[in-house]
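Single-structure report; data block below.
Numbers here simply count residues along the sequence, with the first being 1.
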Amino acid sequence: MKLSVDWLNEFTPLSQIPFEKVLEKINTSICEIDDVEEFRVHLSSVITVKIKSLEKHPNAEKLQTTIASDGSKEYQIVTAATNVKVGDIVPLALPGTKLDGKEILDSELRGVRSQGMYCSEKELGLALESSGVLIFPSDTTLGISVRKLFLWEDTILTIDNKSITHRPDLWNHFGFARELSSQLQLPFHQFPLQADVKFESGKNGLSVTKSEHAHAYYVCSIQDVNIAPSNPKIKSRLEKCGIRSINNVVDVSNYLLLELGQPTHFFDRERLPSTTFSVVKSTEGTSFPLLDDTTPKLQKDLLLIQNGKDLVALAGVMGGKDSAVIDSTKNIVMESAVFKREDVRYTIRKTNIRTESAVRYEKGLDSFTCLPVIRRAVQLLKENGNPNIKVYEPEGFNHTESKSVTIKTNLTFLRHKLGKDISQNEVTEILNKLGFTVTNQGEELSVLVPRYRQNYDVTIPEDLVEEIGRSIGYASIQTQALSMAVETPIRNPLRELERRVKNFLALEVGFNEVYNYSFASPTDAKFESSQESSSLKIANEMPDEHSLLRNSLFPGLIKQAKVNQDRFETINLFELGRTYHKEGKGSELAEERRWLSILSLSKNKPNDLTAVELEFLNLRETLSELFLYLNLPKFEWKKSTRNYFHPNAGLVLEYDGTEIAELGILHSRYADEYDLKRRAILSKINMEKLVDVWEKYGRNSHFIPPSNFPQGQLDLSLLMNEKDSTESFANLVETMKIPELESVYVQTIFKGETVGEGKKSVTYRFKLMSYDKTFTQERFKELSDSLVETAKANGYNLR
């Protein structure tokens, strides 16, 4: 939002205080300032001059040599303009002026000195295109800068909108000046809301149907307007705040928006089909042309203004084109209303139309200004080229006219929240100057909130704490250490477990943790569940890709892998997060579940299945190490199927009969759907089940004193059918109860012509440890022979 310092000075004398202190007070007690800029300061050296003589250039056919005077000094100017003549008053850019990034120089053109350049409207920023030098009226004062002539000598403040989104009263010059006057203890002039206007008797045929869709709605008939350009004051103030001047009627509406923060709208009375106005909700597919030359198809329940049976405006957002003020307009109807902020926000979201009026309505305005704004509008219309208009009494309703907000609090509460011992007189003085009415009964306070801040801004005692705190300055409140008891925190096993798991994956094995949104698309919702109805839909609608709450962490990880697959050779990701499951519970709350999901993207080509299988085994070994790290050694891997895993490439991990984790290679169907170029190995752990197991078994001691003797190992390669499970032989060895056997796992899997079609060679590694003596060759041979005999006895062939 842009604010004119010159305009603010009209309400409160900021010029009495050093400007640096004004800026400091705004930043520390009101809001953030994004920028402070002298408006069009580069035009300070563009002055008004009168052409005294004009001759053809002696050395160029298309150039003319002129002498111009600013009333005290003469300048020789060479120009190519053909629309100037002796006696014209024109703008002259003196040497040193920068226009469109080019500096004007005192130079020679074809041997004749030129001490500047005459300017067009385009060069001055007054028009996008122009055909010649700008010529001023004959009574224009000579020798003054264009900035002064157009009332552009002003400083513009750009306010950070986010810092005042809770303060609708500050979205205008009058309200901002009111706030500044109270903070800086300056006098304040409230004349805009006290305009004295006499209305003609009667409503001139207008009527308004009462509606619950608006807090207040008024219309007023105005006759005998004359459409013309606005006066320089209104025109310049609109330009300085970034609004293009249109005509002396429409400009008044925009001026009121910037001055008082109250949106208004003017209809052409002759272009309205009826004299009856009502506020209604739209039906699906409704449409009518808007002022921006669009005719959008409207969704259901948007707030509209209806005239008779015709729609004439998107309430609070934009007027209709068919009833807009045009050059031939003579009679108008003024609308002044306050709509519910939630309705305006809904319209903005559904239409994607965000206007200056809508921005103010969505903050939550109060209806008390509706009638004073009409009087101020009439006053401005008369000042802006329509002194003879006839204005009839406003017609309408106000549902919130008697609304008031009173807050009960006490000094003890305020002091405790502020952290400062503040007196009753200070509290009363601060609140009074901010427009509050304070009634004291001992230390108890009853505070009446001003109308312009009662809707959504100041409603609870904590809001009064903020008002006092920002007024005295937060820097004046001493920093004090918190006084609190040091108590043993309540243990949270799930958090402890999560930290251990994250430390292992991030610090021990070098995986990268990622965070994804908890939102999902309908496609994502079907990854683990075939029924989209089991997903929880977000009521406050968002784009389709974020319309549901996620029921799986896998799609988020896959999307992360997709965007990084061409950047990194190794991609190992994990995410700890919640999923949400409705599971046909109707109106009941959805169930939350806590998961750890892992994705490892293969470094090999998708058709190199042997290499992918080895990576799969490596990730299985990593998960096994995780469980050992958690002091849970008695887990068991079992074969399983999932629709999103490749057949024969899925495992589940069980502990004490409870399924805790799953592991598999992503099915190529899903890889293609998410545009993954490499094979992905996925795993997820149910953290809620894991914490139960960890609490039950993870604290048990599984410690075995280290052996004084060296470890040994044996490898055994077996020939199997390609679809045979590798786990079968490992489980068979476990039943042999070999006392020295610590672990058995698959070291490598080999496929190729040398082992035959449909076959695979599986190498098992057996880790051996003796606690009473060193391994001998005889014992190694004995163990090796027993393993071979067991393999042969169970139909396995040695390789």
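- With a 6.0 Å cutoff to the six-membered ring centre and a 45° limit on the axis angle, R147 does not count as a cation-pi contact of W152.
- Shown here is K321, whose NZ atom has no more than 12 heavy atoms of other residues, nucleotides or ligands within 6.0 Å.
- Taking the ring centre of W171 as origin, the terminal cationic atom of K363 falls inside the region bounded by 6.0 Å and 45° from the ring axis.
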Notebook entry, point to check: Between R376 and E259, is a salt bridge (Lys or Arg N to Asp or Glu O under 4.0 Å) present by the stated rule, with each step listed?
Noted result: CA-CA 10 Å; R376 176 61 173 157; E259 182 182 61; 2.7 Å; yes
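- For E37 and K240, the salt-bridge test fails: no basic side-chain N is under 4.0 Å from an acidic carboxylate O.
- The residue from Q223, K390, E270 that alone fulfils the side chain to side chain donor-acceptor pair (under 3.5 Å) condition with N331 is E270.
- Side-chain contact of T65 with E55: a donor-acceptor pair under 3.5 Å is absent, judged by distance alone.
- The two residues R451 and E401 come nearest to each other via the heavy atoms NH1-O, 3.0 Å.
- A salt bridge links R453 with E467; the closest basic N to acidic carboxylate O contact falls under 4.0 Å.
- Within 6.0 Å of NZ in K340 there are more than 12 heavy atoms belonging to other residues, nucleotides or ligands.
- To the nearest 0.5 angstrom, I227 atom CD1 is 5.5 Å from N248 atom CG.
- Annotation: K403, atom NZ; neighbour count of heavy atoms from other residues, nucleotides and ligands within 6.0 Å is above 12.
- Checked by atom type and distance alone, the side chain of N386 never pairs as donor or acceptor with a backbone atom of K382 at under 3.5 Å.
- The shortest non-hydrogen separation linking S15 to N9 is N-OD1, 3.1 Å.
- Between D160 and K162 there is no salt bridge, since no side-chain N of the basic residue sits under 4.0 Å from a carboxylate O of the acidic one.
- With rounding to the nearest 0.5 Å, the separation of CD1 in I77 from OG1 in T66 is 6.0 Å.
- The environment of CG in N352 is sparse: at most 12 heavy-atom neighbours from other residues, nucleotides or ligands sit within 6.0 Å.
- A salt bridge is defined here as a Lys NZ or Arg NE, NH1 or NH2 lying under 4.0 Å from an Asp or Glu carboxylate O, and E429 with K433 fails to meet this definition.
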Note to self: Show, in sequence, the C-alpha distance, side-chain angles and deciding distance for T264 and S336, and conclude whether the side chain to side chain donor-acceptor pair (under 3.5 Å) test is met.
What the structure shows: CA-CA 5 Å; T264 56; S336 178; over 6 Å; no
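- Put simply, the side chain of T329 never gets that close to the backbone of V325: no donor and acceptor are under 3.5 Å apart.
- Heavy atoms only, all atoms of each residue included: L186 and P13 are closest at CD1-O, 3.8 Å.
- For an aromatic pair to be called close, the ring centres must be under 6.0 Å apart, and F174 with Y452 fails this.
- At least one side-chain heavy atom of R269 sits under 4.5 Å from a side-chain heavy atom of N204.
- The side-chain tip of R113 does not point at the ring of Y75 from less than 6.0 angstrom away and within 45° of straight on.
- Residue W7 is tested with F176, F39, Y255 for a ring pair (Phe, Tyr, Trp, His ring centres under 6.0 Å); the sole match is Y255.
- Between the S114 side chain and the E108 main chain, no donor and acceptor come within less than 3.5 Å of each other.
- Between K73 and D70 there is no salt bridge, since none of the side-chain N atoms of the basic residue sits less than 4.0 Å from a carboxylate O of the acidic one.
- At a threshold of 4.5 Å between non-hydrogen side-chain atoms, the residues L92 and C119 do not count as touching.
- No salt bridge links K50 with D88; every basic N to acidic carboxylate O contact stays at or beyond 4.0 Å.
- Between F11 and F191, the distance separating the two ring centers is shorter than 6.0 angstrom.
- With E362 as the fixed residue, the salt bridge (Lys or Arg N to Asp or Glu O under 4.0 Å) test singles out one of R349, R341, R354: R354.
- With N254 contributing its side chain and I243 its backbone, the two residues share no donor-acceptor pair below 3.5 Å.
- The side-chain heavy atoms of L105 and P95, taken from C-beta on, include no pair separated by under 4.5 Å.
- A donor-acceptor contact closer than 3.5 angstrom links the side chains of E38 and T155.
- Taking the charged nitrogens against the carboxylate oxygens, E383 and K233 have no contact shorter than 4.0 Å, which rules out a salt bridge.
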